[in-house]
Chemist: 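My structure is below; once you've seen it, I'll send some questions.
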Amino acid sequence: MARGRFVTFEGIDGAGKTTHLAWFRDRLADKLAATGRTVVMTREPGGTALGESLREILLHQPMDLETEALLMFAARREHLAQVIEPALARGDWVLSDRFTDATFAYQGGGRGLPRDKLETLERWVQGGFQPDLTVLFDIAPDTASERRGAAREPDRFESETDAFFTRTRGEYLRRAEEAPYRFTIVDSTQSIEDIRKRLENVIASL
Ligand code: TYD
């Protein structure tokens, strides 16, 4: 069977991507059913037992910025080796809630780690490997922060300021501009129905 495809979902906290992921997975699985391929749904940081342990630490334990970036990429290396690469080689599709664009956006844009350091780690961990498609849920930081509300105890990223998320969003948009063939930008302020229509078209184009 031909190699599968790798699709990632991105956006700042509160952009609403999680709402759309499960729906996208089900629609994609329906479309692929006849071909014998399945959809593997996963997330970063996480996706493996080691990755989920690192996620706990990354989301809750204070640390140096470079440590944070290194741990993100360590979790990613494991994720690629244990989950993503084997699934794509089997011909399955992989749908990941975040990937490397999040590191450029959060650790690079948000926290200010120089881009060339991240590019070095990216080359080391994934060579030239990139998602086939990245759906970026775009929203203004103040709207996103209203949406996040006070539903639960915020983690180390969710508790960041609007200024942090303005930089994070800016880096996401910069990356989308740099690689337009891979990115689809969805305006997160649209209704759920309108976003689904848009995603339906994205699935059809795949
Ligand atoms: P997220 O995936 O949005 O999960 P939830 O919706 O359950 O909070 O949370 C993961 C957090 O990790 C998110 O705030 C972004 C951050 N993150 C980075 O800072 N760098 C990365 O490379 C990745 C993958 C995530």
Side-chain angles (χ1 to χ4, degrees), residues 6-25 41-48 50-80 82-84 94-115 117-126 129-131 134-139 141 143-176 186 188:
F6 183 42
V7 180
T8 60
F9 272 38
E10 299 281 358
I12 62 172
D13 290 271
K17 74 186 154 49
T18 314
T19 315
H20 298 290
L21 255 172
W23 181 86
F24 191 92
R25 191 253 329 262
M41 171 99 149
T42 187
R43 69 171 178 181
E44 288 204 353
T48 64
L50 175 66
E52 291 295 327
S53 301
L54 291 173
R55 179 188 178 91
E56 262 311 295
I57 296 170
L58 278 160
L59 263 47
H60 303 291
Q61 212 160 292
M63 66 185 75
D64 174 82
L65 168 56
E66 304 218 348
T67 310
E68 185 176 287
L70 288 162
L71 289 182
M72 290 291 179
F73 273 107
R76 183 161 301 133
R77 181 63 223 145
E78 195 67 11
H79 194 203
L80 278 164
Q82 303 295 335
V83 176
I84 300 172
V94 178
L95 182 53
S96 187
D97 187 347
R98 302 188 182 282
F99 191 63
T100 306
D101 293 309
T103 315
F104 280 90
Y106 280 77
Q107 282 66 51
R111 299 227 198 274
L113 194 67
R115 201 183 300 159
K117 291 198 172 177
L118 296 175
E119 284 166 352
T120 301
L121 292 173
E122 179 186 36
R123 256 194 314 279
W124 183 17
V125 165
Q126 63 197 73
F129 178 82
Q130 292 292 337
T134 299
V135 183
L136 173 59
F137 289 85
D138 184 52
I139 192 167
T143 315
S145 106
E146 272 167 36
R147 285 193 183 178
R148 286 198 299 282
R152 55 170 186 180
E153 188 71 20
D155 63 38
R156 285 178 58 240
F157 299 101
E158 291 162 340
S159 53
E160 279 294 343
T161 59
D162 281 3
F164 173 91
F165 285 112
T166 299
R167 295 191 298 273
T168 303
R169 178 197 196 192
E171 181 62 13
Y172 267 135
L173 291 172
R174 196 194 61 77
R175 285 182 68 77
V186 172
S188 269

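Atoms within each ligand, like the ligands themselves, are counted from 1 in listed order.
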Chemist: Tell me the protein heavy atom at minimum distance from atom 21 (C) of ligand 1, and give that distance in Å.
Modeler: M72 SD, 3.3 Å

Chemist: How far is atom 6 (O) of ligand 1 from its nearest protein heavy atom, and which residue and atom is that?
Modeler: T18 OG1, 4.1 Å

Chemist: For ligand 1, indicate whether the residue D13 contacts it via side chain, backbone, both or neither (heavy-atom separation under 4.0 Å).
Modeler: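 The answer is the side chain of D13.
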
Chemist: On a heavy-atom basis, I'd like to know which of R148, R156, R98, H79 is closest to atom 3 (O) of ligand 1.
Modeler: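 That would be R98.
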
Chemist: Is the closest basic N to carboxylate O distance between E158 and R148 below 4.0 Å?
Modeler: no

Chemist: Could you grab the distance from atom CZ of R55 to atom CG of L71, nearest 0.5 Å is fine?
Modeler: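 Nearest 0.5 Å value for the CZ-CG distance: 14.0 Å.
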
Chemist: So which atom in A15 and which in R147 form the shortest heavy-atom distance, rounded to 0.1 Å?
Modeler: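 Closest approach of A15 to R147: O-NH1, 3.6 Å.
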
Chemist: Suppose we measure from atom 16 (C) of ligand 1 to each protein heavy atom; which comes out shortest, and what is that distance?
Modeler: F157 CD1, 3.8 Å

Chemist: Looking only at heavy atoms, what is the nearest atom pair of Y172 and I12, with distance?
Modeler: CE1-N, 3.9 Å

Chemist: So between Y106, F73, F165, F9, whose heavy atom ends up nearest atom 15 (C) of ligand 1?
Modeler: Y106

Chemist: Within this structure, what is the CG-CZ distance for the pair L21 and F9, rounded to the nearest 0.5 Å?
Modeler: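 Output value for this atom pair is 4.5 Å.
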
Chemist: Where on P45 is there a heavy atom closer than 4.0 Å to ligand 1, on the side chain, on the backbone, on both, or on neither?
Modeler: both

Chemist: Could you check which of K17, E160, R55 puts a non-hydrogen atom nearest to atom 4 (O) of ligand 1?
Modeler: R55

Chemist: Among the heavy atoms of E68, does any lie under 4.0 Å from an atom of ligand 1?
Modeler: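 Not so, E68 does not reach ligand 1.
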
Chemist: Using a strict 4.0 Å threshold on nitrogen-to-oxygen distance, state whether R111 and E66 make a salt bridge.
Modeler: no

Chemist: Does any part of the side chain of R115, heavy atoms only, come nearer than 4.5 Å to the side chain of E122, both counted from C-beta?
Modeler: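 No, every pair of side-chain atoms sits at 4.5 Å or beyond.
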
Chemist: Quick one about E171 and Q107 (side-chain donor to acceptor, distance below 3.5 Å, no hydrogens or angles considered), yes or no?
Modeler: no

Chemist: So which heavy atom in the protein is nearest atom 19 (O) of ligand 1, and how far is it from that ligand atom?
Modeler: Q107 NE2, 2.9 Å

Chemist: Which atoms from ligand 1 have a heavy atom of T103 less than 4.0 Å away?
Modeler: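 Going through ligand 1 atom by atom, the ones under 4.0 Å from T103 are 21 (C), 22 (O).
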
Chemist: Short N/O distance, under 3.5 Å, between R43 and ligand 1?
Modeler: no

Chemist: Side-chain contact test, heavy atoms from C-beta onward, threshold under 4.5 Å: evaluate it for F129 versus T100 and give yes or no.
Modeler: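 The answer is no, as the side chains (C-beta and beyond) never meet within the 4.5 Å cut-off.
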
Chemist: Considering only heavy atoms of A102, which atoms of ligand 1 have at least one such atom less than 4.0 Å away?
Modeler: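 Listed by number with element: 20 (N), 21 (C), 22 (O), 23 (C), 24 (C).
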
Chemist: Output the list of atoms in ligand 1 that are nearer than 4.0 Å to some heavy atom of R76, sorted by atom number.
Modeler: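 That gives atoms 22 (O), 24 (C) of ligand 1.
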
Chemist: Parallel, tilted or perpendicular: which fits the ring planes of F137 and H20, with parallel below 30° and perpendicular above 60°?
Modeler: parallel

Chemist: Can you tell me if E158 contacts ligand 1 (heavy atom of the residue under 4.0 Å from the ligand)?
Modeler: yes

Chemist: At a non-hydrogen distance cut-off of under 4.0 Å, which region of E44 contacts ligand 1 (side chain, backbone, both, or neither)?
Modeler: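 It is both backbone and side chain that touch ligand 1.
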
